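In what follows, chains carry the letters A, B, and so on, assigned in the order in which the sequence lines appear, proteins first and then strands, with residues in each chain numbered from 1. Given the structure is predicted, the values throughout are model-derived calculations rather than measurements.
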Amino acid sequence: MASGTELTPTSYMSHHLTNLTSSLGDGAFWTLHVDTLVMSILLGIMSFGFLWWVVRGATSGVPGKRQAFVELAVEFIDEQVKSTFHGDRHAFVAPAALTVFVWVLMMNTMDLLPIDIMAKVYEMLGLHNWRSVPTTDINTTFALALSVWLLMIFFNVKVKGLGGWTHELVCTPFGKNPLLWPVNILFNLVEYVSKPLSHSLRLYGNIYAGEIIFLLIGMWAATGLAGTIFGTLLGAGWAIFHILIVTLQAFIFMMLTVVYLSMAHESH
Amino acid sequence: MNINFTLFSQAMAFAVFIWFTVKFVWPPLLRAIETRQKTIADGLAAGERGKHDLELASHRSADLVRDAKQRAADIITQAEKRAAEIVEEAKSSAKDEGDRILVGAKAEVEQEVFRARESLRQQVAELAVAGASKILRREVDANAHADLLTSIKAEL
């Protein structure tokens, strides 16, 4: 926007969809999306710092409103995990689910910040390209999904043993018959590849699409006063609807995490 | 949409946040919640126990009242029976006493009658002797005819 050149829809869109990068070495891989990283870590510190602050002063007596709010969230997650995961959920799975839900929800919620005002604010801070929503960066969703995937493999090995897991890969879901082994392996391979893909792309796609729609609505402002008013109404409507998507996607991501980790704990 | 090193940095951040939540956020809150749940459960149990105790106590008091009523009724019945007995005893003893007095009176009357008859007999004998001596004057000696007079007295 402040590029000085004529503003076209393409440049408007691409401006909003370009990350602030920092190069760590040679090659495209060694770049870092500074905005994604800073925003996500900032949000993480804020939300988990808040949780920690509340929890440190937690009382087993009558809770205050702040503690009641946190307990509500925690018990909501705990309830979901309890219905899916049958083991000692308090050791890892439930707190991990809480982490996923809170963090993803916070990152998704950044989508509701008014994009152009935020761009102006960042511009004032000297940041020409700065994307507020870490979950519109595929690196974030892949990072989360792959971490869950690695945890899944870790728990598979931990619970069933390397032999048990291999047995499961080779002999399920179709049967023990050696003739079926290749089919089983192929099936499991597809499953293990599709899990992180669908897990990460679902979140990424929804939030990214939401942002694109905000940008498209924002372009109404280029058509004059009537267009601006119309765009405002549309933007408000989409933002209200987006509250649902933001929460729902965070919930789905959390539930899938719990389901994948539960499946890793259960033998067939 | 390009995969780069951001992925690893995000994954590391994720790992740190999970570790933090597992270690510092979840356990204390869970402890607080579980302690409160226990407190509430204890409170509910105590309330239940109190209700049960109250029920038992009210049963016991009802029993006591019923018992006391029963005993009071028994005592009244016994007292009434005793009163009736006393009245009966008094009646019969009074009757006995009356009978005894009556018998005594009768015996006295008979005795009195007997005594009157004796004295009457004596007086009649004396009157007869006086009459006879008047009639016979000197011819009859009271001492000489005592045998005769005695036999006449016996015949009367």
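- A cation-pi arrangement is absent between Lys65(A) and Phe69(A) under the rule of less than 6.0 angstrom and at most 45 degrees off the ring axis.
- Of the atoms belonging to Asp137(A), it is side-chain heavy atoms, and not backbone ones, that fall under 4.5 Å from chain B.
- Both the backbone and the side chain of Trp52(A) come within less than 4.5 Å of a heavy atom of chain B.
- Side-chain contact between Met110(A) and Thr135(A) is absent, with no heavy atoms from C-beta onward closer than 4.5 Å.
- Contact of the Met39(A) side chain with the Met107(A) side chain is not registered, since no non-hydrogen atoms from C-beta on lie closer than 4.5 Å.
- The shortest distance between side-chain heavy atoms of Thr141(A) and Tyr208(A) does not fall below 4.5 Å.
- Residue-level contacts of residues 29-37 of chain A with chain B, in order of numbering, are Phe29(A), Trp30(A), Thr31(A), Leu32(A), His33(A), Thr36(A), Leu37(A); threshold 4.5 Å between heavy atoms.
- Ring centroid separation for the pair Phe214(A) and His16(A) does not come in under the 6.0 Å cut-off.
- Between Phe92(A) and Phe85(A), the distance from one ring center to the other does not fall under 6.0 angstrom.
- Contacts of Ala91(A) with chain B are made by backbone atoms alone, with heavy-atom separations under 4.5 Å and no side-chain atom involved.
- For a residue to count as touching a neighbouring chain, one of its non-hydrogen atoms must lie under 4.5 Å from one of that chain's; by this rule Thr59(A) touches chain B with the backbone only.
- Of the atoms belonging to Phe17(B), heavy atoms from both backbone and side chain fall under 4.5 Å from chain A.
- Interface residue Ile18(B): backbone and side-chain heavy atoms are both found under 4.5 Å from chain A.
- With a 4.5 angstrom heavy-atom cutoff, Leu146(A) touches chain B only via side-chain atoms.
- Proximity to chain B (any heavy atom under 4.5 Å) is restricted, for Leu24(A), to the side chain, taken from C-beta onward.
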